[in-house]
Protein chains: 2
Amino acid sequence: MNIGEVADRSGIPPKTIRYYEDIGLIRPQRSDNGYRAFRETDLHKLAFLGRARALGFSIEDCRVLLSLYEDETRESAQVKAIAEEHLSAIDDKIAQLREMRETLSHLVDACHGDHRPDCPILGELAGATE
Amino acid sequence: MNIGEVADRSGIPPKTIRYYEDIGLIRPQRSDNGYRAFRETDLHKLAFLGRARALGFSIEDCRVLLSLYEDETRESAQVKAIAEEHLSAIDDKIAQLREMRETLSHLVDACHGDHRPDCPILGELAGATE
DNA sequence: TATAGGGCTTCCAGTCACTGGAAGCTCAAG
DNA sequence: CTTGAGCTTCCAGTGACTGGAAGCCCTATA
């Protein structure tokens, strides 16, 4: 398989696939003409990476997850630990975004949004609250 | 005021303040010795930037917000539009994170997390779902 | 057989918002 | 006069790609 077909079948753009090879996540073979020659296992790995990235795992997490996936002697506790850590990071991010959302939505509601210059959003940013 | 004092009083690190000058968000004067000489208005702007960034506004949003703040003829509708767009971007991000969270927490719950190798998290990443 | 096109290759640069570090100047205290 | 903190500039790195340029390869058609 050439990179185009793999990109279509995995949903990962060619640029990203080359990048993943650069950083050592996959190691496709090469044809005589210099083209990357992907096997089914490469495609499988890329799909794995796509799903892991879609769940928000970092590239470094993905690297470890892939190696665990290929390691017959892994312990599921190792996988779970990574996932739990990531889950708590997601929770932190959600909490932070919710706080922003809260403040911002109050300000947006308070702003009449017309042709006049006075604006509680700018007021808050300028430090009106204290 | 030198940069250290401004950093302390605004809560923004010196490196970041220099960066903000680099990209034209602030324009502190210079003393004869080459040190940046900050006035109260510079401090004020930096505090403004700090609050805007804490609400998640991008640097480019901040640039526009600052210019609106300094523009006596602004219309509050302009500010509100920026804030509303940002709010909806935050909502999108929250929704995306919640989806990740949902999937991931189910998987974490399903994983027994012991010494055995079989793991539904890896199973899902490998494409077991369909 | 020439050529046109699309796909493939590498390499460099840019994104966003900083952050770290090195080399060197300035200033106040002892 | 030295020490050390604080300031300066400049360069490089972060994460995870993404865009673009220059150039090779392959296939199909005229």
Side-chain angles (χ1 to χ4, degrees), chain A residues 1-38 42-43 45-46 48-66 82 85-86 89-90 93 96-97 100, chain B residues 1-38 42-43 45-46 48-66 85-86 89-90 92-93 96-97 100:
Chain A
M1 264 180 290
N2 284 346
I3 201 168
E5 186 183 343
V6 177
D8 287 344
R9 289 177 60 189
S10 68
I12 297 175
K15 278 271 181 186
T16 305
I17 296 175
R18 293 192 192 101
Y19 171 69
Y20 285 172
E21 184 187 11
D22 262 10
I23 62 174
L25 283 180
I26 50 167
R27 301 184 193 286
Q29 296 180 318
R30 294 290 175 140
S31 306
D32 290 344
N33 59 12
Y35 286 17
R36 287 169 185 81
F38 295 86
D42 295 317
L43 179 59
K45 274 196 200 181
L46 284 168
F48 183 103
L49 288 168
R51 279 182 284 259
R53 294 287 301 129
L55 285 178
F57 285 105
S58 71
I59 290 288
E60 285 319 302
D61 278 349
C62 288
R63 196 189 296 279
V64 177
L65 288 171
L66 252 188
I82 293 170
E85 190 143 348
H86 180 43
I90 288 177
K93 262 189 212 158
Q96 195 198 352
L97 285 171
M100 287 181 187
Chain B
M1 262 181 292
N2 284 347
I3 202 168
E5 186 182 344
V6 178
D8 287 344
R9 288 178 58 189
S10 67
I12 296 174
K15 279 272 182 187
T16 305
I17 296 174
R18 293 192 192 100
Y19 171 69
Y20 285 172
E21 184 188 9
D22 262 10
I23 62 173
L25 284 179
I26 52 167
R27 300 185 194 286
Q29 297 180 316
R30 294 289 175 139
S31 306
D32 291 343
N33 60 13
Y35 287 16
R36 288 169 183 81
F38 296 86
D42 296 315
L43 180 58
K45 274 196 200 180
L46 284 168
F48 183 103
L49 288 169
R51 279 181 284 260
R53 294 286 301 131
L55 284 178
F57 285 106
S58 72
I59 290 289
E60 285 319 303
D61 278 349
C62 288
R63 196 189 296 280
V64 178
L65 288 171
L66 252 187
E85 191 145 347
H86 180 44
I90 288 177
D92 289 351
K93 262 189 213 159
Q96 196 197 352
L97 285 172
M100 286 181 187

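In what follows, every chain begins at residue 1, and chains take the letters A, B, ... in the order their sequences are listed.
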### Message
Given D:dT18, D:dC7, C:dC8, identify the nucleotide with an atom nearest to the side chain of B:N2.
### Response
D:dC7
### Query
So does A:E21 pair up with A:R18, basic N to acidic O under 4.0 Å?
no
### Message
From C-beta outward on B:R30, which listed nucleotide comes closest to its side chain: C:dC18, D:dT8, C:dT26?
### Response
D:dT8
### Message
Any base atoms under 4.0 Å from B:R18, or only sugar-phosphate, or nothing? Heavy atoms, all strands.
### Response
base
### Message
Other residues, nucleotides and ligands only: do more than 12 of their heavy atoms fall within 6.0 Å of CZ on A:R27?
### Response
no
### Which nucleotide in C:dC27, D:dC17, C:dT19 has an atom nearest any side-chain atom of B:Y19
C:dT19
### Nearest heavy-atom neighbours spanning B:R36 and B:N2
O-OD1, 3.7 Å
### Task
Find which nucleotide of DNA chain D each of B:E5 and A:Y35 is nearest to by heavy atoms, and output the residue with the more 5' nucleotide.
B:E5
### Task
Report which part of the nucleic acid A:R53 touches: base, sugar-phosphate, or nothing (heavy-atom distance under 4.0 Å, all strands).
sugar-phosphate
### Step-by-step side chain to side chain contact (heavy atoms under 4.5 Å, CB included) determination, A:Y20 to A:I59
CA-CA 9 Å; A:Y20 285 172; A:I59 290 288; 3.6 Å; yes
### Message
Closest approach to the side chain of B:T16, judged atom by atom: which nucleotide of D:dT18, C:dT19, C:dT9 is it?
### Response
C:dT19
### Task
Using a 4.0 Å heavy-atom cut-off across all strands, classify B:F57 as base, sugar-phosphate, or nothing.
nothing
### Query
Does B:E60 or B:K15 map to a spot on DNA chain C nearer the 5' end, using the closest nucleotide for each?
B:E60
